[in-house]
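Heads up: the structure comes next, in structure tokens.
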Protein chains: 2
Amino acid sequence: MPSDPPRLDPVQLGAYFALMDVAGMLRHRVEQQLKEEGDLSYVQFQLLARLALDSTDGSARMTDLADGVVYSRSGLTYQVGLLEKAGLVTRAASQEDERVVVVTVTEEGRSRVRTVLPGHVDVVRDQLVAALPGAGIGQLADLLAPVRDHMRAAPPRSAATRRGR
Amino acid sequence: MPSDPPRLDPVQLGAYFALMDVAGMLRHRVEQQLKEEGDLSYVQFQLLARLALDSTDGSARMTDLADGVVYSRSGLTYQVGLLEKAGLVTRAASQEDERVVVVTVTEEGRSRVRTVLPGHVDVVRDQLVAALPGAGIGQLADLLAPVRDHMRAAPPRSAATRRGR
DNA sequence: GGTCGGTGCTTCGAAGTCGAAGCATGTGGT
DNA sequence: ACCACATGCTTCGACTTCGAAGCACCGACC
């Protein structure tokens with residue numbers, strides 16, 4: 001009998017829902033903390049953090065920022081505009097390539113990140129790490145890493161459907 | 001110089017970022033599929049699915065729906081309004097309590113869920129399950145379940161910081 | 001050197017999202 | 001019965017988000 005309902009056992013479905021729920025709630029809490037302690041949205045924090053912590057010179061091209069964060073280009077333009085208005089970053093056209101806009105954190109931007117980071121980390125620890133006994137967090141990291149790689153590699157559309165693969 | 005920056009080792013941070021990234025990408029892909037094959041947003045699908053699959057009589061109060069989905073009340077009103085306009089659900093005041101609005105899936109709503117479910121499951125399998133070898137998906141479920149419970153139980157605000165501040 | 005497709009970013013309009021305020025109904029205390 | 005507060009949902013305005021269209025610049029090829 002072709003049981004038309006899907007072909008995902010309860011365990012798989014459970015993992016899927018749990019993943020989405022946990023991420024959703026975690027994001028919600030993190031966003032609250034960022035808003036309260038630093039008047040930043042999650043996206044803005046991600047952008048600032050990437051510039052202040054993951055970049056040697058504190059600057060990056062718009063496109064590189066967009067790739068790091070899962071975001072539309074237009075949304076990025078908007079958010080960087082806000083950050084610029086707030087004095088946390090500066091924008092400048094690249095010399096080598098006039099099309100490119102280079103975004104750079106200001107000292108105030110770095111300072112803001114420093115202000116929010118401890119509380120941010122507290123939230124993650126209290127909400128996520130604390131719920132996982134001992135090595136749990138490590139196992140979680142080990143499980144998710146390959147998934148992330150798989151997803152980044154996989155084509156966003158068109159391959160998802162029908163028999164194939 | 002005291003290393004005041006966070007107190008989360010790289011593994012914990014890695015798990016956190018991986019979680020947020022994976023959930024973000026997965027949601028993005030799932031949303032695409034839903035939009036293409038059923039003209040539904042992720043939220044709308046969640047609402048319909050909850051009514052069609054998780055409810056014995058195919059109906060629920062607005063508040064119960066909002067609690068299940070991580071969502072604001074006003075956003076729920078908006079989305080249910082759209083679903084009603086599309087003929088996928090109906091709204092009616094409760095008899096016992098005039099304040100309560102009971103939402104019920106229509107047959108067309110159920111049908112819509114049936115239409116999108118297979119593709120939805122395909123995406124989850126291709127993107128999430130396929131990336132995890134053997135028992136991986138089960139381990140993921142086991143790890144996330146307690147986290148979800150922990151978060152649901154934990155106070156949404158104000159408890160984020162203990163010492164300091 | 002001029003045109004042409006490709007790339008990087010922005011603008012624009014439509015939709016979705018949230019919190020606060022508002023309205024109507026229920027409930028408990030006096 | 002009355003009043004005050006609580007509860008359930010909606011409305012409102014502000015903000016964010018996205019995709020499509022647009023602009024400016026680059027590189028390559030004739």
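Lettering of chains follows the sequences in order, A, B, ..., and the numbering in each one begins at 1. Values reported hereafter were calculated over all heavy atoms of this structure, with side chains retained and with hydrogens, waters and symmetry mates removed.
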With rounding to the nearest 0.5 angstrom, report the CD to OH distance, A:Q79 to A:Y42. 13.5 Å
Please tabulate, one pair per line, each protein N/O and nucleotide N/O from nucleotides 24-28 of chain C that are separated by under 3.5 Å, including the distance.
from   : atom 1 : to    : atom 2 : distance (Å)
C:dG26 : OP1    : B:E98 : N      : 2.8

d(CG, A:L83; P, C:dT10) in whole Å: 13 Å
Please state how far atom CE in A:M62 lies from atom P in D:dA24, giving the value in whole angstrom units. 17 Å
Atom-to-atom span, CZ of B:R73 to P of D:dG8 - whole angstrom: 8 Å
Please check if B:L47 and B:Y71 belong to a single hydrophobic cluster, counting links between Ile, Leu, Val, Met, Phe, Trp and Tyr side chain heavy atoms closer than 4.5 Å. yes
Tell me if the CD atom of B:E107 is crowded by more than 12 foreign heavy atoms within 6.0 Å. yes
Distance check, rounded to the nearest 0.5 Å: A:Q44 atom CD versus A:L88 atom CG? 8.0 Å
Detail all sub-3.5 Å separations between protein N/O atoms and N/O atoms belonging to nucleotides 16-23 of chain C.
from   : atom 1 : to    : atom 2 : distance (Å)
C:dG16 : OP2    : B:Y78 : OH     : 2.4
C:dT17 : OP1    : B:Y71 : OH     : 3.1
C:dT17 : OP2    : B:Y71 : OH     : 2.5
C:dT17 : OP2    : B:Q79 : NE2    : 2.6
C:dT17 : O5'    : B:Y71 : OH     : 3.0
C:dC18 : OP2    : B:S72 : OG     : 3.0
C:dG19 : N7     : B:S74 : OG     : 3.2
C:dG19 : O6     : B:S74 : OG     : 2.9

Matching residue for B:L48 among B:V89, B:T106, B:V116 - test: side chain to side chain contact (heavy atoms under 4.5 Å, CB included): B:V89
Hydrophobic cluster membership, with links at side-chain heavy-atom distances under 4.5 Å among I/L/V/M/F/W/Y: are B:L144 and A:F17 in one? yes
Touch check for A:T77, heavy atoms < 4.0 angstrom, all strands: base, sugar-phosphate only, or nothing? base
Is a side-chain N or O of B:H150 found less than 3.5 angstrom from the main chain of A:L132, in a donor-acceptor match? no
d(A:Q12 CD, B:L140 CG) to nearest 0.5 Å is 11.0 Å
Indicate whether OP1 or OP2 belonging to C:dT10 is found under 4.0 Å from a side-chain N or O atom of A:R91. yes
Closer than 4.0 Å, any side-chain N/O of B:R61 to the OP1 or OP2 of D:dG8? yes
